[in-house]
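To start, the structure under review is shown below, and the notes come after it.
Heads up: numbering here begins at 1 and tracks the sequence. Each ligand, and each atom within it, is numbered from 1 in the order the structure gives.
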Amino acid sequence: MDETKTPEAGRDFIRDIIAADLESGRVKRVVTRFPPEPNGYLHIGHAKSICLNFGVAREFGGICHLRFDDTNPTREEQEYIDAIEADVRWLGFDWGTHLYHASDYFEQLYAWAEHLIGHGLAYVDDQSPEEMRTARGTLTEPGRDSPYRERSIAENLDLFRRMRAGEFPDGARVLRAKIDMASGNMNLRDPVLYRILHRSHPRTGDTWCIYPTYDFAHGQSDAIEGVTHSICTLEFEDHRPLYDWLIEHLPIGEQLGPSRPRQYEFARLNLAYTVLSKRFLTRLVQEGRVSGWDDPRMPTIAGLRRRGVPAAAIRDFARRVGVARANSLVDIAIFEHAVRDELNRTAPRRMAVLRPLKLVIENYPEGRSETLAAANHPDDPAAGTREVPFGRELYIERDDFMENAPNNFYRLTPGREVRLRYAYLVTCREAVKDAAGNVVELHCTYDPATRGGNAPDGRRVRGTIHWVSAAHAVPAEVRLYDPLFTRPDPGAGSDLVADLNPDSLTVLHDCRLEPALADAAVEQAVQCERLGYFARDPDSARGRLVFNRTIGLRDSWAKAKAGG
Ligand code: ATP
Ligand code: MG
């Protein structure tokens, strides 16, 4: 992890602000936080936020907290908490001892709510949710004061304590800040601070039946933790005045003075052909439209990891996308370039055949076999070589043979010579067919003088194809993936589900891999020559290898787009 150690001047406006704050002395040490709500798995949009928050903390010698924003017990689960921690670590970041939960602060937040009531800055409202909605007004129309707005401090305190004591059912009352029902900013129209929810919480159990809202918990949690830069996505821009109002009107604001936390907003990641909404991803999982949160088609960190995408590629992608103030849609090709660049550098080379066609070398002695040295990485001699077994019967890729081939087809066709990668030159003599006329086997001859793939007489052979030895290859299931959606802007036309790609998964049951792949580590991508990058799936069991194609070798999107 050396790619994000030093800040780059002018790299983005967040880093500029932080550099200036350190320079002016407003803050002594940068403290950021990544604040997921544990109601789903993290996705690549979250990765952008993680790389930013943990990245700037590291670059500026500060710290980044992991804080679970666990204020809504109706949707939060331990499974998500565990997955989020694992995913942040896998991405290469570490919060050290700084693991926090908004629920750690429930008692303090409650005390602050009473403080606001005591200063005439909050009141208990008995209006129904529907009444509150209509009284809130619109962007062009001011709201109306609640009939309960002028309750006495004593009455408010009494009611709020009874809310906490569990005297009222869900939705009967809320605590609201008393700010301004005519404010041009809807978030300042007496926002709700507490709601009644008779629900057990994963961490606080049945201690509470009232829970703070995001707005009341977030800024105060930042203040308690000494967060200096509270970086969030643009949709919270209109919440910033409330964020500031709350800190100013609570005792902690005075205490912290100029070093109090400040909120900064950046554009969320939007990725073409991808949906980054936890609500929708939850739906895909619940409706069984994918195999789970870690289905390799999912844009989740867990899905990308299972697919074989390295953490470094995700970090590099976040760097390439950058941090800006304006929303935009990022082309999926930018992501794929980051993945290919990383894998091209790091993935060992192997050979595999996805759609096997038997090739018999008639003049290769029966029962004989040999091993050939194959480079593990063409650009990295230090990666060494491996031994690949070779024999009389091989498998090659079905589409590397064509019976009536045009002149520019340099692979196998009767009478043509090709190079078997790392092995020999072979010439196709005959295609054997079954009763239905399908080619089932190729008969070839090889030139024993061409071991390693070079002709001593220098004759020209244009085509090189990959192969595996039939006697030694290991069978495997290979899963190929296409985008989960058929359009770059899923859901723009109708329901998102209507835009799901019915062909996003193709399973090939009868693939053959070179023996070295039997020992491949789960989720560590290799390049299968000419086919793309593949990673062993955790579904693999004894005697049953499963691989996922991480990504093809070239930009398949360009093709898809051109083809409509
Ligand atoms: P929801 O609020 O619907 O549960 P969320 O995606 O906002 O979904 P959070 O757990 O609140 O989920 O997100 C944690 C952090 O990640 C927040 O600071 C949020 O701003 C950030 N984040 C979420 N989605 C993106 C995205 N697409 N791009 C960048 N940052 C994101
Ligand atoms: Mg959120």
Point to revise | From Pro35, Cys232, Ala267 - option closest to atom 17 (C) of ligand 1 by heavy atom | key: Pro35

Revision key, fill the gap. Note: ligand 1 atoms sitting under 4.0 Å from heavy atoms of Glu37 are 4 (O), 9 (P), 10 (O)

Review point. Non-hydrogen atoms of Asp69 versus ligand 1: any pair closer than 4.0 Å?
Key: no

Check your understanding: Can a cation-pi geometry be assigned to Arg164 and Tyr110, taking NZ or CZ under 6.0 Å from the six-membered ring centre and within 45° of the ring axis?
Key -> yes

Practice item. Under 4.0 Å from a heavy atom of Thr233: give me the atoms of ligand 1 that qualify, with their elements. Key: 19 (C), 20 (O), 29 (C), 30 (N), 31 (C)

Review point. Applying a 4.0 Å heavy-atom criterion (strictly less than), which segment of Asn270 is in contact with ligand 1: side chain, backbone, both, or neither?
Key: neither

Check your understanding: Charged N to carboxylate O under 4.0 angstrom, Glu225 versus Arg33?
Key -> no

Review point. Would the Tyr273 and Phe335 ring centres measure less than 6.0 Å apart?
Key: no

Check your understanding: Between Asn344 (side chain) and Arg340 (backbone), is there a donor-acceptor pair under 3.5 Å?
Key -> no

Practice item. Considering the heavy atoms of Pro36, write down every atom of ligand 1 situated less than 4.0 Å from one of them. Key: 10 (O), 14 (C)

**Study point:** Any Arg279 heavy atom less than 4.0 Å to ligand 1
**Key:** no

Practice item. Take every heavy atom of Glu235, measure it against each atom of ligand 1, and state whether any distance is under 4.0 Å. Key: no

Review point. Where's the contact between His43 and ligand 1, heavy-atom distance under 4.0 Å: side chain, backbone, both or neither?
Key: side chain

Check your understanding: Do any N/O atoms on Leu269 end up under 3.5 angstrom from N/O atoms on ligand 1?
Key -> yes

Check your understanding: Would you say ligand 1 has an N or O under 3.5 Å from any N or O of Leu276?
Key -> no

Check your understanding: Any side-chain heavy atom of Met298 within less than 4.5 Å of one from Val285?
Key -> yes

Review point. In terms of side-chain geometry, is the basic nitrogen of Arg262 or Asp21 positioned less than 4.0 Å from the acidic oxygen of its partner?
Key: no

